[in-house]
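Numbered from 1 within each chain, the chains take letters A, B, ... in sequence-line order. Bear in mind the structure is a predicted one, so any value in this text is a computation, not a measurement.
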Amino acid sequence: MPKFKKAERLCNSIDINHLFSVGQTISQYPIKIKWLPAQCDNNVQLKVVISVSKHRFKRAVDRNRIKRVMRECFRLNKHILQQVLETRQCYLALIYTGKEIADFTTLEPIIIGLFHRLTKEYEKLAG
RNA sequence: UCAAUGUGUUCUGUCGCUUGAAGAUUUAAAUCUUUAAGAGGAAAGUCGGGGCAAUAAAGGGCGCCAUACUUCCUAACGGGAAGGUUCCGCAACCGGCGGAAACAGCAAGUGCCACAGAAAACAACCGCCUAAGUGAAGUUUACUUCACCGGUAAGGGUGAAAAUGUGGGGUAAGAGCCCACGGUAUGAGUUGGUAACAACUUGUGCGGGUAAACCUUAUGGAUUGAAAGACCAAAUAUACCUGAAGGUUUCUUGCAAAGGAAACAAAGAGUGCCCGCUCUUUUCAGGGGGGUAGGUCGUUUGAUUCCGGAGGUGACUCCGGAACUAGAUAAAUGACAGGAAUCAGGGAAACCUGAAACAGAACCCCGCUUACAGCAUUGAACGG
RNA sequence: GGCCCUGUAGUUCAAUGGAUAGAACGGAAGUUUCCUAAACUUUAAAUAUAGGUUCGAUUCCUAUCGGGGCUA
């Protein structure tokens with residue numbers, strides 16, 4: 001069963017700053033992904049930040065809604081990345097750049113496509 | 001339609017998140033299994049007030065800020081309840097009802113009042129009056145005219161606002177100068193009321209407005225906010241202490257052994273020299289304080305919620321019983337699928353299609369303000 | 001989370017409670033020119049919203065809605 005525990009979230013502010021300053025970007029409307037190969041002590045393959053801009057969505061209800069939908073998409077589809085990574089590790093930041101509130105049904109294919117692109121990029125970088 | 005009050009849809013399946021409890025695995029932590037719980041009436045705005053914490057404190061004054069009819073409620077408040085007064089409205093008078101009020105003091109001081117207007121505050125520009133006083137002229141010799149000195153707020157196209165209204169007396173002309181009836185401010189007394197205040201009697205007064213202008217009076221307020229604060233504590237550097245290794249030079253106490261102090265950087269000093277020994281520097285090891293990353297507590301048992309009874313016009317209070325009810329921290333409370341109830345449209349019906357607001361806890365309470373679909377209840381001011 | 005400041009033409013700024021809210025740049029129209037630029041003339045355009053105090057509010061007060069800053 002796909003799960004999403006606290007250990008898979010990126011909470012350290014130093015790591016987050018490093019990811020946003022050094023990491024590489026791929027994007028497809030309305031989602032942008034920053035990613036960076038990393039090394040960490042734990043046995044976790046992926047560490048993720050999910051972010052929605054306060055500037056675009058002023059009400060907290062809307063932001064929570066989008067973040068929950070994005071988290072659900074990541075939870076159900078992260079096996080695509082995990083197969084490629086095997087024992088290696090990676091930091092991710094999912095950023096929502098759209099202006100309207102999106103459904104689960106519209107977001108899921110976009111995220112699957114982005115993850116497939118990301119696997120190709122990662123293999124190019126690694127090997 | 002508007003306003004107020006109440007309510008703020010719900011069930012099942014699969015997968016997932018946070019916290020608590022129990023059990024298992026293993027290495028203390030992590031993982032797995034079972035089970036329980038998991039967003040609002042405003043969680044929002046951050047506008048008042050309080051708890052709590054730190055800092056400063058022996059107390060007081062000035063300053064600054066806030067409040068301002070009365071009594072009460074409350075932990076407290078700029079909140080609330082009941083009442084009073086003034087104003088507005090319900091078509092005028094009376095009563096009644098509905099609504100609003102930053103509702104102490106410009107009769108303490110200072111400032112301001114554009115334009116217009118004689119004048120915007122110690123009112124004399126025009127007008128009215130020459131009775132009294134002085135001078136001149138005329139003649140009827142005690143009068144007239146003129147001038148000076150004056151008197152006067154009754155009238156004057158303005159303005160938001162022009163000096164208490166009407167009538168009479170009075171006067172040279174006038175004037176609360178006097179009188180009557182009013183208006184209004186205030187002092188005293190009586191009655192009613194806890195009080196604000198009301199009614200009546202009586203004295204004194206009446207040169208505008210503005211305090212959401214400075215200000216005066218009275219009352220209250222220390223400052224900063226959980227990112228407060230308390231505790232534990234990697235890595236790195238290290239004050240200090242102990243032990244081991246380990247020099248040189250100088251001074252000093254002492255017969256000597258030995259001890260003390262200072263400097264130097266790779267050794268120095270102590271004996272005439274060497275070995276040895278001692279000290280210092282230095283190096284290593286251990287301890288150790290403060291403290292960063294990080295973590296724990298603060299943190300959810302409280303001015304708590306529900307039920308019943310009693311008191312009070314009411315806000316609210318008291319008594320008894322029962323219950324434990326989110327606790328995240330780059331931030332959980334979700335996703336998908338299928339129903340039920342509500343509303344709208346279509347349809348004879350079965351049913352089909354669509355809609356469902358405002359909005360997301362962050363230390364905790366009490367209020368206020370603002371937003372709000374649908375449903376329910378209540379109200380939306382009259383007689384003589 | 002907490003604490004502050006601020007809102008005026010399209011933009012940047014003025015205006016002691018007092019006449020029709022002013023200036024610069026920009027916009028529009030015209031003059032000039034063969035055309036453009038420059039220059040000149042004219043013109044449109046604003047007090048965030050809603051109440052209140054006052055004779056009168058951009059200014060004073062209250063609430064709401066925006067914008068910005070500080071605090072780790």
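Pairing for B/U158 is absent, judged as Watson-Crick or G-U wobble with the two contacts each under 3.5 Å. Both distances falling under 3.5 Å, in either a Watson-Crick or a G-U wobble arrangement, occur for no nucleotide opposite B/U325. The pairing partner recorded for B/U194 is none, the criterion being a Watson-Crick or G-U wobble arrangement whose two distances lie under 3.5 angstrom. Using N1 to N3 plus N6-O4 or O6-N4 for Watson-Crick, or N1-O2 and O6-N3 for G-U wobble, each under 3.5 Å, B/G98 pairs with B/C88. Pairing for B/G291 is absent, with no Watson-Crick or G-U wobble pair whose two atom distances lie under 3.5 Å. B/G78: no Watson-Crick or G-U partner with both key distances under 3.5 Å is found in any strand. In a base pair of the Watson-Crick type (N1 to N3 plus N6-O4 or O6-N4) or a G-U wobble (N1-O2 and O6-N3), with each distance short of 3.5 Å, B/C375 is matched with B/G6.
Note that CZ of A/R71 and CG of A/L94 are 12.0 Å apart. Values are rounded to the nearest 0.5 Å. Separating the CZ atom in A/R117 from the CD1 atom in A/I112 is a distance of 14.5 Å, to the nearest 0.5 Å. Atom CG of residue A/N77 and atom CG of residue A/L107 lie 11.0 Å apart, to the nearest 0.5 angstrom. Note that CZ of A/F115 is 10.0 Å distant from CD of A/Q82, once rounded to the nearest 0.5 Å.
What separates CG of A/L94 from P of B/A330 is a distance of 17 Å, to the nearest Å. One can place CD of A/E108 at 11 Å from P of B/A337, the figure rounded to the nearest angstrom. When the C1' atom of B/A332 is taken as reference, atom CD1 of A/I50 falls 13 Å away, rounded to whole Å. Atom CG of A/L76 and atom C1' of B/U14 are 12 Å apart (whole Å). Atom pair A/N77:CG and B/A335:P shows a separation of 17 Å (rounding to whole Å applied). In this structure, A/I66 places its CD1 atom 17 Å from C1' of B/A331, rounding to the nearest Å. The CZ atom of A/R65 sits 19 Å away from the C1' atom of B/A331 (whole-angstrom rounding).
Of the candidates A/L118, A/L36, A/I50, A/L92 forms a side chain to side chain contact (heavy atoms under 4.5 Å, CB included) with just one, namely A/L118.
For the P atoms, the distance linking B/A218 with B/U70 amounts to 15 Å, nearest Å. Annotation: B/C197 and B/C215 have their P atoms spaced 28 Å apart (nearest Å). The C1' atoms of B/C126 and B/U85 are separated by 47 Å, rounded to the nearest whole Å. For the P atom pair drawn from B/C129 and B/A172, the interatomic distance equals 14 Å after rounding to whole Å. Across B/G320 and B/U33, the matching C1' atoms stand 45 Å from one another, rounded to whole Å. Nucleotides B/A56 and B/G50 have their P atoms positioned 23 Å apart, rounded to a whole Å. Nucleotides B/G20 and B/A326 are separated by 15 Å at their P atoms, to the nearest Å.
Of the side-chain N and O atoms in A/R71, one or more sit less than 4.0 angstrom from OP1 or OP2 of B/U333. For the pair A/R68 and B/A332, the criterion of a side-chain N or O lying under 4.0 Å from OP1 or OP2 is not met.
Its glycosidic angle being within 90° of 0, B/G176 falls on the syn side. A syn base is found at B/U300: its glycosidic angle is within 90° of 0. In this structure B/U70 sits in the anti conformation; its chi angle is more than 90° from 0. Glycosidic conformation at B/G334 (O4'-C1'-N9-C4 for purines, O4'-C1'-N1-C2 for pyrimidines): anti, more than 90° from 0.
For the pair A/I111 and A/I31, the tightest heavy-atom approach, listed with the atom from each and the gap, is CG1-CD1, 3.6 Å. Taking all atoms of both residues into account, the shortest heavy-atom contact from A/I26 to A/L114 is CD1-O, 3.8 Å.
Taking the side chain of A/N64 as heavy atoms from C-beta on, and the options B/A39, B/A361, B/A335, the nearest nucleotide is B/A39. Closest contact between the side chain of A/R75 and the listed nucleotides B/A39, B/A335, B/G16 involves B/G16.
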